[in-house]
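Read through the structure below, which is laid out as structure tokens, and then see the notes.
Each residue takes its place number in the sequence, starting with 1.
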Amino acid sequence: QVRLVESGGGSVQAGQSLRLSCQASGYTDSLYCMAWFRQGPGQEREGVARMHDSGRNAYYADSVKGRFTISVDNAKNTLYLQMNALKPEDTGMYYCAAGPAIVCRRGSRLSPTDFGSWGQGTLVTVST
């Protein structure tokens, strides 16, 4: 079981940036698909971005494309989400998730049901 711990959330004004981190432990030799999801107040959990832990096959939701960048540092077992030009609608709890490698080859699908390991979340609040 992969253990995931997020950090880096905070309160910022619109237009500013944040970088989220997700520290992973308990890895096996298996390869993983890593992802970021978010859940706003009263909303369902939605996919933001995903990447194979090799650093390939990055995919972004349309709502964040061009503003967010997902990356991985395998030497540190850490997944990142660089968030630029933040908007109030980006507000929510952000979760890191890990799933089997095949999930990263499913085209535009980014569903929470495909991921079995989750962090506790880190809160991002963007004000006007």
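Taking CG from L20 and CH2 from W36, the interatomic distance works out to 4.5 Å, rounded to the nearest 0.5 Å. Distance CG/L86 to CD/Q16: 8.5 Å, rounded to 0.5 Å. Atom CG of D90 is separated from atom OG1 of T125 by 11.0 Å, given to the nearest 0.5 angstrom. Considering CE of M51 and CZ of R56, their distance stands at 11.0 Å, rounded to 0.5 Å. One distance of note links OH of Y80 with CD of Q23; it measures 8.0 Å at 0.5 Å rounding. The OG1 atom of T113 sits 11.5 Å away from the CZ atom of R45 when rounded to the nearest 0.5 Å.
Across all non-hydrogen atoms, the minimal contact from C96 to L79 is SG-CD2, 3.9 Å. Taking all atoms of both residues into account, the shortest heavy-atom contact from I70 to A58 is CG2-CB, 4.2 Å. M34 and L4 make their closest contact through CE-CD2, 4.0 Å (heavy atoms, listed as atom of the first residue, atom of the second, distance). Scanning all heavy atoms of the two residues, the minimum distance from F68 to Y60 falls at O-CE2, 3.2 Å. Nearest heavy-atom pair, S17 versus A85, reported as atom, atom and distance to 0.1 Å: OG-N, 4.2 Å. Of all heavy-atom pairs spanning A97 and F115, the tightest one is CB-CB, 3.8 Å.
Ring orientation note: the planes of F37 and W118 are tilted relative to one another, at an angle of 30° to 60°.
Between the side chain of R3 and the backbone N or O of G26 there is no donor-acceptor pair closer than 3.5 Å. The main-chain N or O of R109 is found under 3.5 Å from a side-chain atom of R50 such that the two form a donor-acceptor pair. Remark: side-chain polar atoms of T91 are paired, donor with acceptor, to backbone N or O of V126 under 3.5 angstrom. A donor-acceptor distance shorter than 3.5 angstrom exists from the side chain of E6 to the backbone of G121, with no hydrogens or angles considered. Looking at Y59, its side chain does come within 3.5 Å of a backbone N or O of S108 through a donor-acceptor pair.
Note: the hydrophobic cluster containing M93 also contains L110 (ILVMFWY, side chain heavy atoms under 4.5 Å, direct or indirect links).
The shortest side-chain heavy-atom distance between Q39 and Y95 falls under the 4.5 Å cut-off.
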Test side chain to side chain contact (heavy atoms under 4.5 Å, CB included) on V12 and M83; report intermediate values, then the result. CA-CA 11 Å; V12 297; M83 306 187 295; over 6 Å; no
Apply side chain to side chain contact (heavy atoms under 4.5 Å, CB included) to the pair N57 and R105, showing each step before the final yes or no. CA-CA 7 Å; N57 293 350; R105 298 196 295 270; 4.1 Å; yes
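For CD1 of I102, the number of neighbouring non-hydrogen atoms (other residues, nucleotides, ligands) closer than 6.0 Å is 12 at most. At most 12 heavy atoms of other shown residues, nucleotides or ligands fall within 6.0 angstrom of atom CD in E44.
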